[in-house]
Amino acid sequence: MATTSYTDSDVKELVRERYGRLAQSADITTDITNEGCGESSCCGDGEPATKNQLYEIDQLEGLPGEALLASAGCGNPTAIGDLGAGETVVDFGSGGGIDCFIAAKAVGDSGRVVGIDMTPDMINLARKNAQTLGLDNVEFHLAEMESTPLEDDSVDVIISNCVINLAPDKDAVFREAYRILKPGGRMFISDMVLTAPLPAHATADAENWVQCLSGAEPQDIYMGRMSSAGLSDINIMDSKPWKGEEEWASRVHSANIKAYKPA
């Protein structure tokens, strides 16, 4: 089936099904130093958070093994910019909660972290992990990035880790980000972008959708969508090639992007 025949609902169902299985497979008894990120290859070099050096060891200290195993990111959005005590942080596509828990340490008890995810199994896992950690400043909502339950101008920082590329309507995601950010608020994104278009046979593969590849866009288009939504000072902080075996793999880059809502 060609990619052009997929509806938005088709893509979202593919994503829910795959990441639901990833959440279910996350088990604290698994040796996280030897296993990969479940069934996803979004996580950087295709290795778990403890091996691919996306995170500092002290950031992961004390986190539940389930949160690490359910991590399928391509970067570390909390490392792109500073998070301040007392701030409100929202994670688009929060998964098992790893980035939310790291953010919670940064904002402290006076801050608030909100995870948004459309996969019920991931929300259930994240809530279980938050309960294990005894965190009162983290909450998780079953919702889509395009339509969150948050108020206008209520968020200091939005983070997202290899998730927006999975959204069929990225313009809607960035419009929602602009809506909920406070004036002067920041957005820190780790995501897949392209330096050249992928071949048709790659984008036609459903497996490449759920592995964060088929939904990736050229970086100028991606950043243009952010600008059109009203975000400004958009910069790629760093970028590195995805280490896949396919001949087109070098066209896919993992990028860390920072942007602001004008004050």
Side-chain angles (χ1 to χ4, degrees), residues 8-9 11-16 19-20 23 42 67 70-73 75 77-78 80-81 83-84 86-104 106-107 111-130 135-191 212 215 222 225-232 234 257-262:
D8 288 2
S9 296
V11 172
K12 289 181 179 180
E13 188 55 35
L14 284 169
V15 172
R16 282 195 187 95
Y19 289 93
C42 284
S71 174
T78 59
I80 302 173
L83 303 179
E87 290 192 311
T88 296
V89 178
V90 172
D91 184 1
F92 277 2
S94 48
I98 185 171
D99 293 312
C100 288
F101 303 141
I102 293 171
V107 302
R112 177 189 180 208
V113 180
V114 181
I116 301 293
D117 204 286
M118 70 173 187
T119 303
D121 286 315
M122 280 295 187
I123 289 293
N124 292 337
L125 178 63
R127 288 172 176 168
K128 173 186 172 183
N129 290 334
L135 292 174
D136 296 325
N137 62 341
V138 181
E139 61 194 73
F140 295 94
H141 295 275
L142 181 63
E144 296 185 359
M145 299 178 289
E146 300 91 330
S147 180
T148 73
L150 302 171
E151 297 180 357
D152 294 357
D153 305 326
S154 62
V155 174
D156 296 292
V157 182
I158 294 173
I159 60 175
S160 187
N161 196 345
C162 204
V163 177
I164 296 175
N165 68 77
L166 295 169
D169 189 350
K170 296 173 182 59
D171 290 321
V173 175
F174 291 127
R175 287 195 298 268
E176 181 68 358
Y178 183 89
R179 181 186 72 79
I180 66 175
L181 278 173
K182 297 176 181 178
R186 299 100 73 199
M187 192 168 190
F188 305 144
I189 305 171
S190 297
D191 213 349
C212 313
Y222 189 100
R225 294 187 190 283
M226 299 177 74
S227 179
S228 294
L231 298 167
S232 64
I234 305 163
I257 306 169
K258 181 187 291 188
Y260 295 82
K261 179 174 178 176

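Partners of R112 by side chain to side chain donor-acceptor pair (under 3.5 Å), not counting sequence neighbours, listed by chain and number: E139. For the salt bridge (charged side-chain N to carboxylate O under 4.0 Å, His left out) test, no residue two or more places apart in sequence or in another chain qualifies with D169. Listed by chain and number, the residues in a side chain to side chain contact (heavy atoms under 4.5 Å, CB included) with D156 are E87, T88, K182, R186 (sequence neighbours excluded). Legend: residues meeting salt bridge (charged side-chain N to carboxylate O under 4.0 Å, His left out) with K258, ordered by chain and number and at least two apart, are absent.
Within the 4.5 Å cutoff, the side chain of F188 has heavy atoms near those of the V157 side chain. Counting heavy atoms from C-beta outward, L83 and V89 have side chains that approach closer than 4.5 Å. You'll find the side chain of M145 stays beyond 4.5 Å of the side chain of D117, heavy atoms only. Considering only heavy atoms from C-beta on, I180 stays 4.5 Å or farther from D152 through its side chain. The shortest distance between side-chain heavy atoms of I159 and F92 does not fall below 4.5 Å.
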Using side chain to side chain contact (heavy atoms under 4.5 Å, CB included), reason through S94 and D99 one step at a time and then give a plain yes or no. CA-CA 7 Å; S94 48; D99 293 312; over 6 Å; no

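For residues 119-130, the salt bridge (Lys or Arg N to Asp or Glu O under 4.0 Å) pairs, not counting sequence neighbours, are E66-K128. Legend: salt bridge (Lys or Arg N to Asp or Glu O under 4.0 Å) pairs involving residues 140-149, not counting sequence neighbours, sorted by first then second residue: K12-E144, K12-E146, R16-E144.
A67 and F101 make their closest contact through CB-CE1, 4.1 Å (heavy atoms, listed as atom of the first residue, atom of the second, distance). Across L125 and G96, no two heavy atoms sit closer than the pair CD2-CA, 4.2 Å. Residue V163 comes nearest to D191 through the heavy atom pair N-OD1, 3.9 Å, listed as atom of the first residue, atom of the second, then distance. The minimum heavy-atom distance linking A126 with G95 is given by the pair CB-O, 3.5 Å. Of all heavy-atom pairs between A259 and I234, the closest is CB-CG1, 3.8 Å. P262 approaches G230 most closely through the heavy-atom pair CD-O, 3.3 Å.
By the 6.0 Å contact criterion, CG on D136 is open, its count of non-hydrogen atoms from other residues, nucleotides or ligands being 12 or less.
Using modelled atom types, no side-chain atom of S228 and backbone atom of R225 make a donor-acceptor pair closer than 3.5 Å. At least one donor-acceptor pair closer than 3.5 Å links the side chain of R179 to the backbone N or O of L150. K261 contributes a side-chain N or O that, together with a main-chain N or O of L181, makes up a donor-acceptor pair within less than 3.5 Å. Side-chain N or O atoms of N165 include none that pairs as donor or acceptor with a backbone N or O of G215 at under 3.5 Å.
Separation of atoms CD1 (I98) and CG (N161) is listed at 8.5 Å; rounding is to 0.5 Å. The CG atom of D91 sits 6.5 Å away from atom OG of S160, with the distance rounded to the nearest 0.5 Å. L142 CG to I116 CD1: the interatomic distance, rounded to the nearest 0.5 Å, is 9.0 Å.
Between the side chains of E176 and T148, at least one donor N or O sits under 3.5 Å from an acceptor N or O.
Applying the side-chain contact (heavy atoms from CB on, under 4.5 Å) test between L166 and each of V173, V15, V11 identifies V15 as the sole match.
Between F174 and Y222, the ring center distance clears the sub-6.0 Å criterion.
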